[in-house]
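Numbers here simply count residues along the sequence, with the first being 1. In listed order, ligands and their atoms are each counted from 1.
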Amino acid sequence: MYSKPASTLTLSLLENYSSAAQWYSPIHWTMLAASFATLQSQMSSCTTPSFEALPKRATANLRSLRAGIQLHCQALTHGLNAHLFVGTTLVSMYGECGCIRSARKVFDEMHEPNVVAWNAVITAFFRVGNVKGAREMFDLMPFRDLTSWNVMLAGHVKERELELARKMFMEMPVKDDVSWSTIIVGFAHNGYFDEAFGFFRKLQRDGTRPNEVSLTGVLSACGQAGAFEFGKILHGFIEKAGLIWIISVNNALLDAYSKCGNLSMARLVFERMPEKKSIVSWTSMMVGLAMHGHGEEAIRLFHEMERSETRPDGITFISLLYACSHAGLIEQGCEYFNKMRDVYNIKPAIEHYGCMVDLYGRAGQLQKAYEFVFQMPIPPNDIIWRTLLGACSIHGNVKLAEKVKERLSELDPNNSSDHVLLSNIYAVAGKWKDVAAVRRSMTDQRIKKTPGWSMIEVDKVMYTFMAGPKQDKIMEEAYEMLKDIILRLRVEGGYVPEIGSVLHDIDEEEKEDSVSTHSEKLAVAFGIARLCEGKTIRIVKNLRICRDCHVVMKLISQVYKLEIVVRDRSRFHSFRNGSCSCEDYW
Ligand code: ZN
Ligand code: ZN
């Protein structure tokens, strides 16, 4: 990791070095310019942009660019700018600094640029987001090797030009494991899981041995999409290919199982891990346990980790505090929060404060949570206030909810979920006039609700459902099945739809059936229609599950005698025999 004093020192050294009037060999110049390029790339990648950091970064860019220009001048004086290595590193240096015109100029002055120089100038174009320019250079290249193709591919992926990336990938005369991993991870990271799976299957057919990056990329797609069956196939493949000893692959596998809602498989992977478990392994397992409502087990694991002399980091503490708040363990939560600061010397970040607000809020200590926010040494962000609003919703505290919503309106006025949450609080309290007022203000401010979707895997194919009109045959099938289910639930389970959650679907006008067609209900109905009996139904939902859907899932698990696992935006719900693992507390 880049540290500021060291870089300042390097910069001033280099400045002195380059202003000294002495002759350097081409290799010296290359080394100098390369160190600028590395420095620059470290500077631009190490910090997450924030308002405080921006001016600092700008200064850093200017400083090293200035030194870089000095270096370039010196190279010119000595007639070395067209030298292959010096020129290439100057191109990279200007590229890293975002000065594409200078990069191009240096490149044009080079006598016989080799493939490395061409790749450097293409990378420079991508660095400033100029895809067209990069493509033009690529088309001009008199010779292309695999690296050039991979540079173009990676550039398209970085710019999220996925269709262009796909086209480029198809055009490639030869592909290596880097090309495959770039395309798979590119699609997976941008949420196109099916495409990622498709490319992985092609890779296997192609006979290429997948590398660590492809495997972790495709496993992460499995976890995000909740594709349990595909995850199992991958697991088998990893075992057979003898790749099970790689710790990062194990971590990805564990994470995928846990996100797919199969905690026992996640545990199995964790217990069978071959070498010393990394901090990522421990933390992933703790997150999995906490998300499934096994807070106390997560805490036990934390102590085991401490005994194994693995040092926890900030993320470990986030999962630990999350575990405490979801298990209602206030005292332990406070204890760990202090331990993090005092014993492990980890400065609490905004996420840790958020966990503490959640800890108090969930347990019903709303006033304490509210006071805690005012005592925080860093200004609370919208997420902190939203956590508190969520707690107000769980405990039906209308007064505090209004105060909190005011703060949220200052920070993030157009967030639809805040409006929906507040109106749901009003609806539960029977304050229909206020519900109408929130609705009106949403319409006036043209605030659109995030559309809800749910995914289910049937026969290794992912199906996505959205509420709304019946778009196709699949939707029609789900609707028909859902009608039958609701009827059966009314007769056998005494189900009455809960209108308090109507606002969940505010976009869909005031249809009578707006609650009854939430995407998770459709996905479950489709699962019941298509999956064989006795199979667990696994659903991934992008928003928080509403009360009515929660009731329906519980009743289905009882009436149909099956298990349903729903991963919503914040946690897992395992429905069995008419009750849920969250104990109606989410
Ligand atoms: Zn719902
Ligand atoms: Zn639940």
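Within a 6.0 Å sphere centred on CD1 of I315, other residues, nucleotides and ligands contribute 12 heavy atoms or fewer.
Taking the six-membered ring for Trp and thresholds of 30 and 60 degrees, Y344 and F317 have ring planes inclined between 30 and 60 degrees apart.
Using a cutoff of 4.0 Å between basic side-chain nitrogens and carboxylate oxygens, E563 and R576 are scored as salt-bridged. Ion pairing of R386 with D418 is present here, as a side-chain N (NZ or NE/NH1/NH2) and a carboxylate O approach within less than 4.0 Å.
Seen from the Zn ion (ligand 1), atom ND1 on H518 and atom SG on C549 lie at an angle near 120° (rounded to 10 degrees). Geometry about the Zn ion (ligand 2) gives an angle of 100° between NE2 of H550 and SG of C582, rounded in steps of 10 degrees.
Summary: ND1 is the N/O/S atom of H573 found nearest to the Zn ion (ligand 2).
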